[in-house]
Amino acid sequence: MIIYGISANEHDAGLAVVREENILFASHAERYSRLKNDAHLNPALIADARDFGKPDLIVWYERPFLKRARKLWAGQYNDALRPDGAAYLDRFGFDVPVHYVGHHECHAAAGYFTSPFDRAAILVVDAIGEWDTISAWEGDGRKLGKIWSQRYPHSLGLLYSAFTQRIGLKPNEEEYILMGMAALGDPTYADRIRKDFIARFDPPQLLLKENVHRGVRWWEPNLQDRENIAASVQQVTEEILLGLVLWLAEKTRLRKLVLMGGVALNCVANSRIARAKIFDDIWIMPNPGDAGSSIGAVAAYTRRHLAWVHPYLGYNIDRPFDIDGAIAALEAGEVIGIANGRAEFGPRALGNRSLMTDPRGPHAKDRVNRIKQRERFRPFAPIVMAEHAHLHFDMPLRTSPYMQFVAPVRDPESFPAITHFDGTARVQTLTWRQNPTIYGLLERFHARTGCPMLLNTSLNIKGEPIVNTWADAERFASLWQVRVF
Ligand SMILES: [Fe+2]
């Protein structure tokens with residue numbers, strides 16, 4: 001039996017194809033349409049999915065009736081009347097039964113049923129689904145039950161997005177830039193943010209004074225020091241998350257934690273949670289936001305653990321990898337593109353659609369920035385052989401295979417390009433099992449140079465989604481005069 005999980009019609013659509021416990025395919029719609037965070041499915045994505053089999057059943061990642069009710073309550077009348085669920089899928093020619101599962105239940109299931117745990121506490125924090133904004137769950141074997149939830153309009157994710165907009169960034173998209181900017185500032189306004197927005201935080205209950213759904217652009221218009229505002233909202237967010245995690249540990253008495261929802265992309269907060277050692281181990285699925293709920297929808301419906309191996313689940317570039325050429329170029333100090341094998345499912349480039357270079361020396365960052373054109377405060381991340389990670393980084397957990405945690409760099413002078421202002425790096429650890437091709441590249445580079453890591457950033461033209469096909473890669477290569485392997 002083949003089940004499609006679909007998350008679409010809001011922002012960043014995703015589609016997953018699952019047969020029994022195997023995830024055969026999963027991708028973001030944006031990779032095919034070339035529209036960043038595209039909310040809608042498209043024929044090319046569906047055609048690729050169909051190559052893995054036609055669906056017997058579709059599971060949709062939300063309950064449209066509940067969502068419509070919330071939108072009406074919130075005054076989003078036009079939005080509430082759009083076709084959703086099966087009515088939305090009709091236009092793409094699907095003619096199979098459609099099941100619905102709750103938005104937060106999908107997040108929880110995507111996390112728990114891809115995790116290596118058979119018992120775990122699960123915390124979901126996002127902006128909003130139907131009504132829930134924060135929820136706590138307990139997974140035990142095939143059982144997944146909700147313990148508690150906080151409802152709209154009280155939302156930590158919405159508060160973070162509202163401040164993303166307040167400092168001139170794009171909400172629901174550029175939250176990671178706010179997080180990066182926080183390292184440059186001091187949390188001088190944390191008290192003011194607590195006083196102005198938090199009516200009560202008595203874990204787990206979080207009550208806001210304001211509905212921040214339409215933003216907080218009105219807040220303290222004279223304050224213009226974006227770095228300090230960013231550091232302050234980041235600080236308040238971390239405190240609330242820590243409070244929630246502590247509560248969850250006491251409530252469940254479990255030792256394993258699963259974190260999900262868009263807020264779980266905040267790798268600085270994740271690291272603070274890991275370092276607090278409240279739980280023994282933490283699993284964050286590499287796509288904890290709504291697109292990842294395409295996998296979560298299926299898991300919530302089948303209530304079984306999926307055979308999770310790695311996140312390379314998307315479009316396949318099937319051509320031989322010229323490792324000799326790639327190594328020679330890296331040794332010559334070139335920035336190279338890699339577009340090989342199946343695309344990563346999730347917002348981060350984890351090796352198969354990446355731009356890489358030697359991270360050592362003072363000029364590595366400039367070389368990459370010529371192409372990436374990023375703000376000066378934004379760091380690049382290292383991809384490192386897992387067995388060497390602890391030598392170079394003070395890791396909060398044993399591994400960080402999906403770039404979800406930050407770690408202090410032990411020798412920042414040697415690796416300035418991958419070291420952030422606060423002395424940390426957003427580390428991706430890699431094993432042979434996870435990605436033999438890229439692990440092989442790191443291994444060869446290490447053997448030749450003694451350096452077990454490369455600078456790794458996404459292979460995309462500014463403002464566009466990550467490269468998907470070889471044609472996309474060639475376009476990138478000719479635009480930037482970069483060799484792609
Ligand atoms: Fe969500």
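Both counts, for ligands and for their atoms, begin at 1 and track the order of listing. The chain is numbered in sequence order, starting from 1.
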Side chains of N460 and K372: any donor to acceptor distance under 3.5 Å? yes
What N/O/S atom of D126 is the closest to the Fe ion (ligand 1)? OD2
Regarding H104 and D126, do their side chains bring together a donor and an acceptor under 3.5 Å, going by distance alone? yes
Metal-centred angle, the Fe ion (ligand 1) as apex - NE2 of H107, NE2 of H103, 10° resolution: 100°
Near the Fe ion (ligand 1), is there an N/O/S atom from C106 that is less than 2.8 Å away? no
The test is side chain to side chain donor-acceptor pair (under 3.5 Å); show your working for Q76 and R70 and say whether it passes. CA-CA 9 Å; Q76 298 165 276; R70 190 265 300 163; 3.1 Å; yes
Neighbour count >12 (heavy atoms, 6.0 Å) for atom CZ, R34: yes
For N/O/S atoms only: which one belongs to D290 and is nearest the Fe ion (ligand 1)? OD1
